[in-house]
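These notes concern the structure reproduced below.
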Amino acid sequence: MREKRKRRVSIEQDVLINRSQRGTALDLNENGMYVYTRANVVPQSVIELSFALDGEEITVTAKVEHAQPGIGFGASFVNPEEGVARRIKAFVEELRGRR
């Protein structure tokens with residue numbers, strides 16, 4: 001049975017893709033994010049995403065779930081370290097609490 005989708009929060013955050021290409025995260029939840037970028041990514045590929053949350057640099061491995069060439073892609077996080085997962089969850093919950 002598929003896990004219930006977590007509601008995403010809107011953000012505008014710089015993201016570095018595979019240490020070389022730039023993008024902007026437009027939304028985020030505990031499980032993944034959507035990244036606006038002109039970078040060409042292949043669906044189902046595994047990539048590295050680096051971004052800052054409240055000044056703390058986060059790097060995660062992610063799987064590209066779907067891509068819109070020239071627009072962006074949705075990615076799910078792949079087994080983030082426990083501390084990273086907690087940090088992302090806390091950030092998302094904090095944003096949800098502000099709305």
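Note that these values count all heavy atoms, side chains included, but never hydrogens, waters or copies made by symmetry.
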dist T37:OG1 -> I17:CD1 (nearest 0.5 Å) comes out at 4.0 Å
Separation between CG (L16) and CG (L49), nearest 0.5 Å, reads 9.0 Å
Side chain to side chain contact (heavy atoms under 4.5 Å, CB included) filter on A90, not counting sequence neighbours, yields R87
Rounded to the nearest 0.5 angstrom, the CZ-CD distance for F91 and E30 is 12.0 Å
Here the gap from I11 atom CD1 to L26 atom CG, rounded to the nearest 0.5 Å, amounts to 8.0 Å
So the side-chain hydrogen bond (donor to acceptor under 3.5 Å, both in side chains) pairs with at least one residue in residues 18-28 (sequence neighbours excluded) are R8-D27, R19-E48
Should V84 and I47 be regarded as members of a common hydrophobic cluster, given that ILVMFWY residues are connected when their side-chain heavy atoms come within less than 4.5 Å of each other, either directly or indirectly? yes
Hits for side chain to side chain donor-acceptor pair (under 3.5 Å) against S45, two or more places apart or cross-chain, chain-then-number order -> none
What side-chain donor-acceptor pairs closer than 3.5 Å can you find for residues 64-81, not counting sequence neighbours?
| unit_1 | atom_1 | unit_2 | atom_2 | d |
| --- | --- | --- | --- | --- |
| E65 | OE2 | S76 | OG | 2.5 |
| Q68 | OE1 | Y34 | OH | 2.4 |

Joining Ile, Leu, Val, Met, Phe, Trp and Tyr whenever any side-chain heavy atoms lie under 4.5 Å apart, the cluster holding V46 also takes in none
Applying side chain to side chain contact (heavy atoms under 4.5 Å, CB included) to E82 and not counting sequence neighbours gives R86
Using the side-chain contact (heavy atoms from CB on, under 4.5 Å) rule, take M33 and F51 through it: C-alpha gap first, then chi angles, then the decisive distance, then the call. CA-CA 11 Å; M33 65 172 43; F51 52 97; 3.7 Å; yes
All heavy atoms of N29 vs all of R7, minimum pair found to be CB-O, 3.6 Å
Contacts of Q44 meeting side chain to side chain donor-acceptor pair (under 3.5 Å) (sequence neighbours excluded), chain-then-number -> K63
| query | Are I88 and V60 close enough that some pair of their side-chain heavy atoms sits under 4.5 Å apart? | reply | yes
Heavy atoms of S10 and L95 approach each other most closely as O-CD1, 4.4 Å
